[in-house]
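Okay, so here's the structure we're looking at.
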Amino acid sequence: MYTLINIISTVCEDMQNQTDRTNEAFDRRINEVKHIKKCLENKHNDTMNHIIEVQRNVQVLEAEMSDKNRAHQLCLTRLSNRAARPGLEMTCDEVQQSLYSELDALKASMCRLQQKIRENKASMRYLLHVQIMQEEEINNKNNSIKIDEVECMTLRQCLKYQSF
């Protein structure tokens, strides 16, 4: 009879020790997930700041492109006006060469700006994709914390084994 009580007492102690170790493992896991979630939130904030920076950069580039386009139109208008002057013989003087050089420089500049705009928009698409993935990962971590901390741990903390 005495051995049966010892065995039951030992089993209860072992079960309680195992429950305590499992609870500690849950606590460590919850703390790890919270830390990872915090790191993800920091990266998400950095990504959002980078998105804002790229948006501003695109706006600046588009404004610059608009300015170059107006200068391009002005240059074309001047060339057209020079060609339409009455009684003017068709010569290629220094002013005309300057206008053609300016036109070529504007076209090259506009091509570079277009390329930069395309690159920035591609970067923006990538950053928005990364943002969505980060938000999904943060939501997954929130769900893990909720399940582990709220649903599992509240039930596990009620487990107490006693020998009679």
Side-chain angles (χ1 to χ4, degrees), residues 19-86 88-159:
T19 300
D20 292 342
R21 284 195 301 267
T22 304
N23 287 347
E24 289 170 6
F26 259 113
D27 286 335
R28 280 193 306 275
R29 170 77 175 144
I30 290 167
N31 289 332
E32 287 172 4
V33 172
K34 284 181 178 180
H35 176 72
I36 292 169
K37 180 183 163 258
K38 183 67 177 166
C39 291
L40 283 170
E41 287 171 343
N42 290 340
K43 285 184 181 182
H44 182 262
N45 287 336
D46 291 343
T47 302
M48 293 302 294
N49 290 337
H50 197 71
I51 287 172
I52 291 168
E53 184 180 315
V54 171
Q55 285 174 336
R56 281 191 206 130
N57 197 18
V58 167
Q59 289 173 346
V60 167
L61 289 171
E62 286 176 343
E64 197 172 321
M65 183 67 159
S66 177
D67 291 343
K68 295 288 183 187
N69 197 20
R70 282 194 294 274
H72 181 260
Q73 291 299 323
L74 179 63
C75 190
L76 288 175
T77 302
R78 287 180 178 161
L79 281 169
S80 174
N81 287 346
R82 282 183 61 80
R85 290 192 300 195
L88 179 71
E89 56 189 66
M90 292 300 280
T91 61
C92 193
D93 59 357
E94 189 177 326
V95 174
Q96 186 123 357
Q97 285 299 326
S98 243
L99 285 172
Y100 280 127
S101 295
E102 183 180 343
L103 190 62
D104 289 340
L106 284 169
K107 284 180 183 178
S109 179
M110 289 170 66
C111 284
R112 283 191 306 274
L113 282 172
Q114 280 290 13
Q115 181 63 30
K116 286 182 183 180
I117 290 171
R118 281 191 296 273
E119 289 171 1
N120 276 284
K121 286 185 176 181
S123 177
M124 176 69 74
R125 286 189 300 273
Y126 173 74
L127 286 170
L128 291 173
H129 176 72
V130 167
Q131 174 196 359
I132 290 169
M133 290 179 65
Q134 287 173 339
E135 288 171 354
E136 287 175 359
E137 191 64 29
I138 289 170
N139 286 336
N140 288 341
K141 298 302 176 197
N142 278 332
N143 289 338
S144 292
I145 291 169
K146 179 182 176 263
I147 290 169
D148 288 348
E149 191 171 42
V150 176
E151 295 176 8
C152 290
M153 285 305 288
T154 53
L155 293 174
R156 292 195 61 77
Q157 289 172 345
C158 296
L159 297 176

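Computed from heavy atoms alone, side chains included, the values below leave out hydrogens, waters and symmetry copies.
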Rounded to the nearest 0.5 Å, how far apart are [atom1] of [X] and [atom2] of [Y]?
X    : Y    : atom1 : atom2 : answer
N23  : C152 : CG    : SG    : 10.5 Å
E149 : K34  : CD    : NZ    : 3.5 Å
Q55  : S123 : CD    : OG    : 11.0 Å
L103 : L76  : CG    : CG    : 5.0 Å
N57  : H50  : CG    : NE2   : 9.5 Å
N143 : E151 : CG    : CD    : 9.5 Å

Minimum heavy-atom separation for [X] and [Y], please, with both atom names.
X    : Y    : result
V54  : N120 : CG1-O, 3.5 Å
C75  : L99  : SG-O, 3.2 Å
I117 : M65  : CD1-CB, 4.2 Å
L127 : T47  : O-CG2, 3.9 Å

Among K116, K121, Q115, which residue satisfies the side-chain hydrogen bond (donor to acceptor under 3.5 Å, both in side chains) criterion with E119?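 The single option meeting the side-chain hydrogen bond (donor to acceptor under 3.5 Å, both in side chains) with E119 is Q115.
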Please examine the side chains of [Y] and [X], heavy atoms only from C-beta on, and report whether any two atoms are closer than 4.5 Å.
X    : Y    : answer
D148 : M153 : no
V58  : L61  : no
H35  : C39  : yes

With the threshold set at 4.0 Å, does a side-chain nitrogen-carboxylate oxygen contact exist between [X] and [Y]?
X   : Y   : value
D67 : R70 : yes
K37 : E41 : yes
R28 : E32 : no

Decide if atom CZ of R56 counts as having more than 12 heavy atoms of other residues, nucleotides or ligands within a radius under 6.0 Å.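 For R56, atom CZ is not crowded (no more than 12 foreign heavy atoms under 6.0 Å).
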Counting only N and O atoms by type, is there a donor-acceptor contact under 3.5 Å from the side chain of N31 to the main-chain atoms of D27?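 Answer holds: yes.
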Looking at N140, is its backbone amide N or carbonyl O close enough to the side chain of S144 to form a donor-acceptor pair, meaning the two atoms are under 3.5 Å apart?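 Checking the backbone N and O of N140 against the side chain of S144, a donor-acceptor pair under 3.5 Å is found.
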Test applied, side chain to side chain contact (heavy atoms under 4.5 Å, CB included); reference residue, Q134; option that passes from H129, M48, K43: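 With Q134 as partner, H129, M48, K43 yield a single side chain to side chain contact (heavy atoms under 4.5 Å, CB included), made by K43.
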